[in-house]
A.B. asks: 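I have a structure I would like to understand better, so I am pasting it below and will then ask my questions one at a time.
Owing to the predicted nature of the structure, the values given are computational and were not obtained by experimental measurement.
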Number of protein chains: 2
Amino acid sequence: MADAEPTQTPPAQEPTAEGADKGPSKSELKKRAKEAEKAKKAAEKAAKQAELEAQKAAAEMDFATEFYGKLPLNQSQTRPRRPRVQIAALNPNMDGETVLIRARVQTSRAQGNKMVFFNFRQRIDSVQGLLIVAPGKVSKQMAKWAAGLQMESIVLVEGVVKKSPEPIKSATVQDVEVHITQIHLVSGLETVLPFSVEDANRPENEIEANEEAQFKRVLLDTRLNNRVVDLRTQTNQAVFKLQHGIGHLFRDFLDGKGFIEIHSPKLQGAATESGASVFKVNYFKGNAFLAQSPQLAKQMAIAADFERVYEIGPVFRAEDSNTHRHMTEFIGLDLEMTIEEHYHEVLELLDGLFLHMFRELRKQYATEIDTVRKAFPADEFKWREGPEGTLKLSFKEAVDLLVEDGVPREVLDDINTENEKRLGRIVRAKYDTDYFIIDKFPMELRPFYTMPDPNDPTLSNSYDFFMRGEEILSGAQRVHDPVLLAEKMREKGIDPASMSSYLDAFKLGCPPHGGGGIGLERVLMLFLKLNNIRRASLFPRDPKRLEP
Amino acid sequence: MADAEPTQTPPAQEPTAEGADKGPSKSELKKRAKEAEKAKKAAEKAAKQAELEAQKAAAEMDFATEFYGKLPLNQSQTRPRRPRVQIAALNPNMDGETVLIRARVQTSRAQGNKMVFFNFRQRIDSVQGLLIVAPGKVSKQMAKWAAGLQMESIVLVEGVVKKSPEPIKSATVQDVEVHITQIHLVSGLETVLPFSVEDANRPENEIEANEEAQFKRVLLDTRLNNRVVDLRTQTNQAVFKLQHGIGHLFRDFLDGKGFIEIHSPKLQGAATESGASVFKVNYFKGNAFLAQSPQLAKQMAIAADFERVYEIGPVFRAEDSNTHRHMTEFIGLDLEMTIEEHYHEVLELLDGLFLHMFRELRKQYATEIDTVRKAFPADEFKWREGPEGTLKLSFKEAVDLLVEDGVPREVLDDINTENEKRLGRIVRAKYDTDYFIIDKFPMELRPFYTMPDPNDPTLSNSYDFFMRGEEILSGAQRVHDPVLLAEKMREKGIDPASMSSYLDAFKLGCPPHGGGGIGLERVLMLFLKLNNIRRASLFPRDPKRLEP
């Protein structure tokens, strides 16, 4: 506030004591006073101007004094508070506005030595930038420097938004372009780009249709070895926005139904569940095991009266298989709830959850779905709406459909992956849906904690949910009676004593309950038809991959 | 619909052929017709009644035919669709209504042989139930059976809501009680209760004040060994509702700021970060390591252009320490974001996040906070609101405060746990806040990836956040320049080659960025003053505890 005080200027001439009686005339005094006033105002103006200049200088301290060049390393030296604009926010109403944008250089192309075209990228958005040599504003040298910027450099660009006379097809923002007045390098590359983001973003069918055009095909392994670059494609930016969306919608729905989120430990004292496929951890002087699922913990949370719980967290499977749909670590969306009367209360809640996710993904993430579809062309994911509701088959009905289709009944004690896919095709043709439920699995196919069917002990109160012919959820009513539970353990060859703290939870009184576990990456892969589960995981893990 | 068809009744008397000419009189015929009509109606009524009875019988098939007793094991035999009422929803406006409630028997007390008082519990709610012997309705036998129900049994109760003449202090619902007409056992106990939930829920100060009353004190270890029972206390039901709340508010705030949720792998190919305190996993024929934090992955997500990311997930620390605030597995609330100009952009966003959490916890979870405070009496958590904002000290200022308070400066190169707590007390006394930030930590106290201060390389662009004198967040601007990063690695004795896929991410161009990691259980513990971090974890893990 001290700065705002007017500067004190001395009077133009101080009257001396000896000249007081021979003083200047009244008009002369008036004139001097006026001049003094004028000088004071000029000084004030100059001070204000200086202050503005100082502010402006401070505001530009983090820019090079030139219009282009490499910025010093950002160590938070200054904070001029000049707002950056998001590419997605650019629109024709901003015509003529000067904006500041930080973006990647996806491509640059010089036209003669007077013009450079850029494609600037942020997440799934891109805009065209144009640098035109103009005397006193943009030098030839500046254009040359800018044209030489490596792909994937991060730049800070100042430019003027201009309406585009015709749609710019190479960018997602098609109705404006940015006429560059300054361009600075924020972060360059210190290594060779393994592939261009442009190439990595190109759809497979476009590559196939242009074999002779020498479009580079970027193979999955190359992508995963250089995942940081691969993730920058607009496709992947959209894929992981959708992954975020699925998690968000999962919680959103369940929060509204009285569930609470829990976090159960991944370090276990004993190999849980069936004991198979579990990673062993060196735990101080002993061993621990990584949880294969939060199954036991979430059931114990029910015995502890939480009534309705869910968990989103990693699950670990030490299965040495390298299929398109298996990883050693993935994200489980798990839930468990008490049952009042019948396990179909759970099945119906889960169905409502999936319908909520499908509907809201389509509604809230239409842009991202379209972005992914460009690279992975697929029939739109279909589900049944309206009073008929989701298709629910019994295991027996599913088997019958396969037999009708020509599969020998003898091989259908279980439905293997191949037949699951076949069933998906049959169901799609017959019922026009990519999403359905199979209920009443044979008891022998399910884990020990599954509640048997009350009328037929060879069947169980369990279900799987399917998307495009692949299982995405497995669930059931659980055995809450400790006597029956111990019996089922023994039937499956598990010593009840080896799982005593789990069994104890039921001995202490537990309400009837059921639930299910969803594979996050599977839902994402199948909704978008990404063909390989690794594409749906940020940094996938399989028996052969622990990096990056 | 077939059932609705009227039953055909034969006419009361069939006229015979031979008696046709000598037939009954007209009035006699009329009479017969009337009787036939009457019989038909009666039969219809009987049929309808039978149908209703059948429906009712079906609806009660999962009840014992008696008014009390043990229900058959719920294997989803039937689904009468009789809605259950939540105890929390009971209120005086329901006076006279018959309700069905599934609840735990927390306590029961017989008065003579004609009356039994119950305390029924669901989560944090409880209500009084009253069973009164009444001829033809409630038998003495029934009262005897009900009075004999074990504590923690789960029962299904049918009863009539009655306004209570005076507040019932032993229940959370104080203005009504339930007069029981039926009571059935859903799930009993097959073992001895290690302690009563009543005892476990009793506040420490109440126990101390009543030593001679022989209130049982339930020690923490006993609680954790029998966590399923311990979690049933109203205190713990509230604690984990609040844990859910913190996670929810964390995401809520960040979703609104353009962040997306990521899931990074917990299985790592190399020991991450400093290499210390990391668990080794047997990974097929080689080894893997459990991530100590999502630090490297979230920074790589920034290099991959996600701009603003957060993660909620387990982090693992192989530290052999058994303090009140350390666990081997806990939940990290992590975030990372790009910086435009200055790392205070991150610090300010984090501050906004905490203020949002504090405010909304108090607003949305007042009942739960009050419930916990009964068991853990504590001064209400204080923070500064209004234009002055959160207290921010530099590390140097924090040290000065401690020196002023009498701590020798020589020992303050770092601020140890004891001095952190002391600082918390000083700050509380001087600034009336339990929440503050320390900025500008010495570089030597921070990990290699911390950005040095531009003006003083012995300092860094890093900060810790504190609640009640304990650190709950640690964060910083990170080094995004690969040359400086490799230099800092070498300074800390790390071979850059050992972290090549991390270093590569920066060589491929990375924007300036910063972030922080929050310990979920610490925030919960300190907000509520639970005194031990284990109380804030569902199934805590420490060097000596892997069960339950």
Side-chain angles (χ1 to χ4, degrees), chain A residues 73-77 79 84 123 152-154 187 189-191 228-229 231-232 241 244 247 260-267 269 279-282 284 288 300 303-305 314 320 329 331 340-343 451 454 461 477 481-482 501 505 507-512 538-539 541 543 546-548, chain B residues 73-77 79 84 123 152-154 187 189-191 228-229 231-232 241 244 247 260-267 269 279-282 284 288 300 303-305 314 320 329 331 340-343 451 454 461 477 481-482 501 505 507-512 538-539 541 543 546-548:
Chain A
L73 179 65
N74 179 340
Q75 282 186 265
S76 306
Q77 291 88 335
R79 195 175 183 188
R84 271 64 167 174
R123 296 187 181 183
E152 293 302 301
S153 296
I154 301 173
S187 173
L189 274 72
E190 301 278 341
T191 185
V228 165
V229 181
L231 287 171
R232 291 181 193 161
K241 184 84 183 276
H244 163 86
I260 68 161
E261 185 174 21
I262 58 167
H263 301 282
S264 68
K266 305 308 153 207
L267 291 168
F279 287 114
K280 194 160 91 176
V281 181
N282 297 7
F284 303 103
M300 286 161 82
D305 285 356
D320 198 354
E329 179 177 352
I331 297 297
E340 297 298 356
E341 298 174 336
H342 197 285
Y343 77 97
M451 182 63 89
N461 292 349
Q477 179 175 359
D481 179 74
S501 58
K507 288 184 182 163
L508 292 160
C510 182
L538 198 67
F539 297 109
R541 292 293 181 255
L546 278 167
E547 296 275 354
Chain B
L73 180 64
N74 180 340
Q75 281 185 265
S76 306
Q77 291 88 334
R79 195 174 183 190
R84 269 67 166 172
R123 298 186 180 182
E152 292 302 300
S153 296
I154 301 174
S187 173
L189 273 74
E190 302 277 340
T191 185
V228 165
V229 180
L231 287 171
R232 290 182 195 161
K241 184 85 184 275
H244 163 86
I260 67 161
E261 185 175 19
I262 59 167
H263 301 283
S264 67
K266 306 307 153 207
L267 291 168
F279 287 114
K280 193 160 92 176
V281 181
N282 297 9
F284 303 101
M300 286 161 84
D305 284 357
D320 198 355
E329 177 176 354
I331 298 297
E340 298 297 356
E341 298 175 335
H342 198 285
Y343 77 98
M451 183 64 89
N461 292 349
Q477 179 176 0
D481 179 74
S501 57
K507 289 184 182 163
L508 292 159
C510 182
L538 198 66
F539 297 109
R541 293 293 182 254
L546 279 168
E547 296 277 354

A.B. asks: I'd like to verify something: which residue of B/Gly247, B/Cys510, B/Ser153 has the highest number of heavy-atom pairs under 4.5 Å with chain A?
C.D. replies: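 So the answer, after comparing B/Gly247, B/Cys510, B/Ser153, is B/Cys510.
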
A.B. asks: Quick check for you: to the nearest 0.5 Å, what is the distance between A/His244 atom NE2 and B/Ile262 atom CD1?
C.D. replies: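 So the gap between those two atoms works out to 12.0 Å.
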
A.B. asks: Mind checking whether A/Ser76 and B/Gln477 have side chains closer than 4.5 Å, heavy atoms only?
C.D. replies: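 Answer yes - side chains close enough.
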
A.B. asks: Looking at A/Glu152, A/Lys241, A/Arg123, which has the largest count of heavy-atom pairs under 4.5 Å with chain B?
C.D. replies: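 Looking at each option in turn, the highest pair count goes to A/Arg123.
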
A.B. asks: Need one label for A/Ile331: side chain, backbone, both or neither, based on atoms under 4.5 Å from any heavy atom in chain B.
C.D. replies: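 Side chain of A/Ile331 only, per the 4.5 Å heavy-atom cut-off to chain B.
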
A.B. asks: Could you tell me which portion of B/Asp320 (side chain, backbone, both or neither) has an atom closer than 4.5 angstrom to a non-hydrogen atom of chain A?
C.D. replies: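 Its backbone and side chain both get close to chain A.
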
A.B. asks: At a heavy-atom distance under 4.5 Å, which candidate from A/Glu547, A/Lys507, A/Met300 has the highest pair count against chain B?
C.D. replies: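 Ranked by contacts with chain B, first place is A/Lys507.
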
A.B. asks: Taking all non-hydrogen atoms of both residues into account, name the closest pair between B/Asn74 and A/Met451 and its distance.
C.D. replies: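 Of all heavy-atom pairs spanning B/Asn74 and A/Met451, the closest is O-CE, 3.4 Å.
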
A.B. asks: Is there a donor-acceptor contact under 3.5 Å from the side chain of A/Gln75 to the main chain of B/Asn461?
C.D. replies: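 Side chain of A/Gln75 to backbone of B/Asn461: no pair is present.
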
A.B. asks: Would you find a donor on one side and an acceptor on the other, under 3.5 Å apart, between the side chain of B/Gln77 and the backbone of A/Pro454?
C.D. replies: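 No, because the side chain of B/Gln77 does not come within donor-acceptor range (under 3.5 Å) of the backbone of A/Pro454.
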
A.B. asks: Just give me the residue among B/Pro512, B/Ala303, B/Pro314, B/Ser501 that pairs up with chain A most often, heavy atom to heavy atom, under 4.5 Å.
C.D. replies: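 Ranked by contacts with chain A, first place is B/Ala303.
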
A.B. asks: Considering only heavy atoms and a distance below 4.5 Å, find which of A/Glu329, A/Glu261, A/His263, A/Lys266 pairs most often with chain B.
C.D. replies: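 Max contact count across the listed options: A/Glu329.
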
A.B. asks: Who passes ring-ring contact (aromatic ring centres under 6.0 Å, His included) against B/Phe279, sequence neighbours left out?
C.D. replies: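 B/Phe279 satisfies ring-ring contact (aromatic ring centres under 6.0 Å, His included) with A/Tyr283, A/Phe284 only.
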
A.B. asks: Tell me, out of B/Ser264, B/Gly269, B/Ser187, B/Pro265, who's got the most heavy-atom pairs with chain A below 4.5 Å.
C.D. replies: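 Counting heavy-atom pairs under 4.5 Å, the top option is B/Pro265.
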
A.B. asks: Need one label for B/Leu73: side chain, backbone, both or neither, based on atoms under 4.5 Å from any heavy atom in chain A.
C.D. replies: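 Interface part for B/Leu73: side chain.
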
A.B. asks: Any side-chain heavy-atom pair from A/Leu231 and B/Asp305 closer than 4.5 angstrom?
C.D. replies: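 No, every pair of side-chain atoms sits at 4.5 Å or beyond.
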
A.B. asks: May I ask you to name which of A/Glu190, A/Arg541, A/Arg232 has the most heavy-atom pairs under 4.5 Å with chain B?
C.D. replies: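 If we count pairs closer than 4.5 Å to chain B, A/Arg232 comes out on top.
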
A.B. asks: Taking every heavy-atom pair that is under 4.5 Å apart, which of B/Val281, B/Val228, B/Asn282, B/Leu508 has the most such pairs with chain A?
C.D. replies: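 Winner by heavy-atom pair count: B/Leu508.
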
A.B. asks: What option among A/Pro511, A/Gly509, A/Pro548 has the most heavy-atom pairs under 4.5 Å with chain B?
C.D. replies: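 Among A/Pro511, A/Gly509, A/Pro548, the one with the most close pairs to chain B is A/Gly509.
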
